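Remember, predicted model here, so these are calculated numbers, not experimental data. Count residues from 1 along the sequence.
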Amino acid sequence: MLQARSSGKTAFYMAGGKIDPGESPEQALHREIREELDAGIVAGTLEELGVFEAEAFGHPPGTRLHMTCYLADLTDEPAATSEIAELRYFTTDEYAAMPESAPGSRLVFERLRSLGLVD
């Protein structure tokens with residue numbers, strides 16, 4: 001699964017972000033993919049993977065993360081933008097072996113593994 005490391009950060013996370021006022025979740029997804037991966041989503045390929053809740057990595061204890069994740073094909077090969085220092089593909093075990101990993105990402109890796117979509 002593709003993970004992004006933001007500029008100034010050490011951990012890798014999934015690309016994404018908050019929904020701006022007046023935006024639908026799908027509009028926010030399209031915007032975040034353009035802003036962070038310099039790509040678009042192929043029409044007709046967007047599929048909701050699920051809603052995930054976990055401890056928010058890098059935030060004060062007790063801060064919860066609530067995220068809706070999607071599967072989709074991209075129009076272009078992902079490329080790091082000015083917000084992103086590095087992009088990298090991980091297997092479930094590679095990500096789990098990282099010195100820092102986000103609990104939310106680990107939940108998504110496990111869901112994808114259960115569906116046979118990642119190693």
Query - Derivation and outcome, side chain to side chain contact (heavy atoms under 4.5 Å, CB included), residues Val51 and His66 - result: CA-CA 7 Å; Val51 176; His66 175 95; 3.4 Å; yes
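- Using a 4.5 Å cut-off on side-chain heavy atoms (C-beta onward), Arg88 and Met98 make contact.
- Ring centers of Phe12 and Tyr95: at least 6.0 Å apart, outside the cut-off.
- Counting heavy atoms from C-beta on, the side chains of Glu32 and Lys18 never come closer than 4.5 Å.
- Separation of atoms CG (Leu112) and CG (Leu117) is listed at 5.5 Å; rounding is to 0.5 Å.
- Closest of all the heavy-atom pairs between Ser82 and Ser7 is O-OG, 3.5 Å.
- In this structure, the separation between CG on Asp38 and OG1 on Thr81 is 7.0 Å, given to the nearest 0.5 Å.
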Query - Check against side chain to side chain contact (heavy atoms under 4.5 Å, CB included), Glu110 and Thr92 - result: CA-CA 7 Å; Glu110 290 305 321; Thr92 304; 3.2 Å; yes
**Report entry** Val108/Met67 under side chain to side chain contact (heavy atoms under 4.5 Å, CB included): CA gap, chis, key distance, verdict
**Finding:** CA-CA 10 Å; Val108 175; Met67 62 182 177; 3.8 Å; yes
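- Note that CG of Leu65 is 10.0 Å distant from OH of Tyr13, once rounded to the nearest 0.5 Å.
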Requested in this report: Report the C-alpha separation of Cys69 and Met14 in whole Å, then their side-chain angles, then the decisive distance to 0.1 Å, and conclude whether the side chain to side chain contact (heavy atoms under 4.5 Å, CB included) test is met.
Outcome: CA-CA 9 Å; Cys69 294; Met14 288 175 289; 4.1 Å; yes
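- Note: the hydrophobic cluster containing Leu115 also contains Phe109 (ILVMFWY, side chain heavy atoms under 4.5 Å, direct or indirect links).
- Qualifying side chain to side chain contact (heavy atoms under 4.5 Å, CB included) partners for Ser24, counting only residues two or more places apart in sequence or in other chains: Glu26, Gln27.
- By the ring pair (Phe, Tyr, Trp, His ring centres under 6.0 Å) test, Phe52 pairs with no residue at all, sequence neighbours left out.
- In this structure, Arg31 pairs ionically with Glu35, as a charged nitrogen and a carboxylate oxygen lie closer than 4.0 Å.
- In terms of modelled atom types and a separation under 3.5 Å, the side chain of Thr75 and the main chain of Gly40 share a donor-acceptor contact.
- Between the side chains of Gln3 and Ser105, at least one donor N or O sits under 3.5 Å from an acceptor N or O.
- At a threshold of 4.5 Å between side-chain heavy atoms, the hydrophobic network of Ile, Leu, Val, Met, Phe, Trp and Tyr places Leu107 and Val118 in one connected group.
- Between the side chain of Glu36 and the backbone N or O of Gly16 there is at least one donor-acceptor pair closer than 3.5 Å.
- Contact between Glu23 and Asp20 at its shortest, heavy atoms only, is OE1-N, 2.8 Å.
- Taking every heavy atom of both residues into account, Gly104 and Ala54 meet most closely at N-CB, 3.8 Å.
- A salt bridge links Arg113 and Asp93; the closest N-O separation between the charged side-chain nitrogens and carboxylate oxygens is under 4.0 Å.
- With rounding to the nearest 0.5 angstrom, the CD atom of Glu83 is 14.0 Å from the CZ atom of Arg5.
- Other cluster members for Leu2: Leu29, Ile33, Leu37, Ile41, Leu46, Tyr70, Leu74, Ile84, Leu87, Tyr89, joined by side-chain heavy-atom distances under 4.5 Å among Ile, Leu, Val, Met, Phe, Trp and Tyr.
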